[in-house]
Amino acid sequence: MRIAAIAFAMALLAVACGGGASGGGGAGATTVAVTLTDKEVTLDQANVPAGKVTFAVKNSGTLVHSLTIIKTELDHAKIPQDPKDAGKADEKGKVGAVPQLQVGASKQAALDLAPGTYVLVCNEPAHYLLGMHVGFTVR
Amino acid sequence: MRMLGALLVGAALVASACGGSAASAQTAAASAAPAAPAAAPAQNTTSQGSAADQIERGKLIFQKTAGGVGCQYCHGPEGKGGASAANSVNAPNIRGTTEAKLRAALAGGAALMTFIKLTDQEIEDVLAYLQYLDN
């Protein structure tokens, strides 16, 4: 009984120290949950500290999706077209990606991110045009 | 001088109003697409020009300008599917689709076409082009 109480107290302490923004990726790492639907990229947090960031990406849409992380100062809705494919966003500044995810699939990408602004897009053909992009800040 | 400036601004406004959207102002057309007819019977003229003009405008929108990529980006150059993007957005073959369904989709009724913003005239132009392809 006493052991159970101690374990419970330690678990509470771990949660309190971990904070809501961090999780799963080891000391100092931040995990960002990314949900891909057919018209949106949504994040559980859009502003994280610099360092190790793990994007836990889930395809909750009805189509195949992917995720590309681009470091840019541009607004997420104003990324220029890929010069070779007008239906895609230009990936200049790309720092990482999660390749194609089938419907319902999940995958993680761990990156070491410097402070700055980023854009997360699904760059499957026409998906950027459908609104699959979101801004992200590393402070 | 002020009068000349006012005239120039007025002329620009009239040109803008008559020209429709930026999409329909472009003149280039995809070479892979079927050629629109060179001429049409005089009785087919509309307030926006001849039927051939309308088909040509519809072709340009379909091949190049709708949503910044043209309908062909997802539906293929002749609307029969097979485009590289077809799978990524489940874009079907649209040839032979009823006018009512096409009209509804072009007017914003298709979930995965929300980035396509066409004026009423542009919708008519695209419908005319698709009808031309079907014939």
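Protein chains get the first letters and strands the later ones, always in sequence-line order, with residue 1 at the start of each.
Heavy atoms only, all atoms of each residue included: B/Met113 and A/Leu130 are closest at N-CD2, 4.2 Å. Scanning both residues, A/Ala126 and B/Cys74, for their nearest heavy atoms gives CB-SG, 4.2 Å.
In terms of modelled atom types and a separation under 3.5 Å, the side chain of A/Lys39 and the main chain of B/Ala111 share a donor-acceptor contact.
Under the 4.5 Å side-chain heavy-atom criterion for ILVMFWY residues, no single connected hydrophobic cluster contains both A/Tyr128 and B/Val69. A/Val53 and A/Leu67 fall within a single hydrophobic cluster, where Ile, Leu, Val, Met, Phe, Trp and Tyr are joined by side-chain heavy atoms under 4.5 Å apart, directly or via other members. Using a 4.5 Å cut-off between side-chain heavy atoms of Ile, Leu, Val, Met, Phe, Trp and Tyr, with links allowed through other members, A/Val57 and A/Met132 fall into the same hydrophobic cluster. In this structure, A/Ile79 is not a member of the same hydrophobic cluster as A/Ile69, with clusters built from ILVMFWY side-chain heavy atoms closer than 4.5 Å.
When side chains are defined from C-beta on, A/Val64 does not count as touching B/Asn87, because their heavy atoms never get closer than 4.5 Å.
Chain B is approached within less than 4.5 Å, heavy atom to heavy atom, by no residue from residues 104-120 of chain A.
Under the ring pair (Phe, Tyr, Trp, His ring centres under 6.0 Å) criterion, B/His75 pairs with no residue at all, not counting sequence neighbours.
Screening residues 93-108 of chain B for side chain to side chain donor-acceptor pair (under 3.5 Å), with sequence neighbours left out, gives B/Arg95-B/Asp134, B/Glu99-B/Arg103, B/Arg103-B/Glu124.
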Output a table of donor-acceptor pairs, distance under 3.5 Å, between side-chain atoms of residues 81-102 of chain A and any protein atom two or more places apart or on a different chain; print 'none' if there are none.
from, atom 1, to, atom 2, distance (Å)
A/Gln81, NE2, A/Ala86, O, 3.3
A/Gln81, NE2, B/Gly68, O, 3.4
A/Asp82, OD1, A/Lys84, N, 2.7
A/Asp85, OD1, A/Gly87, N, 3.1
A/Asp85, OD1, B/Tyr73, OH, 2.5
A/Asp85, OD2, B/Tyr73, OH, 3.3
A/Asp90, OD1, A/Lys92, N, 3.1
A/Glu91, OE2, A/Asn123, ND2, 2.8
A/Gln100, NE2, A/Glu124, OE1, 2.7

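Contact of A/Leu129 with chain B is made through backbone and side chain together, with heavy-atom distances under 4.5 Å.
Within 6.0 Å of NZ on B/Lys80 lie no more than 12 heavy atoms contributed by other residues, nucleotides or ligands.
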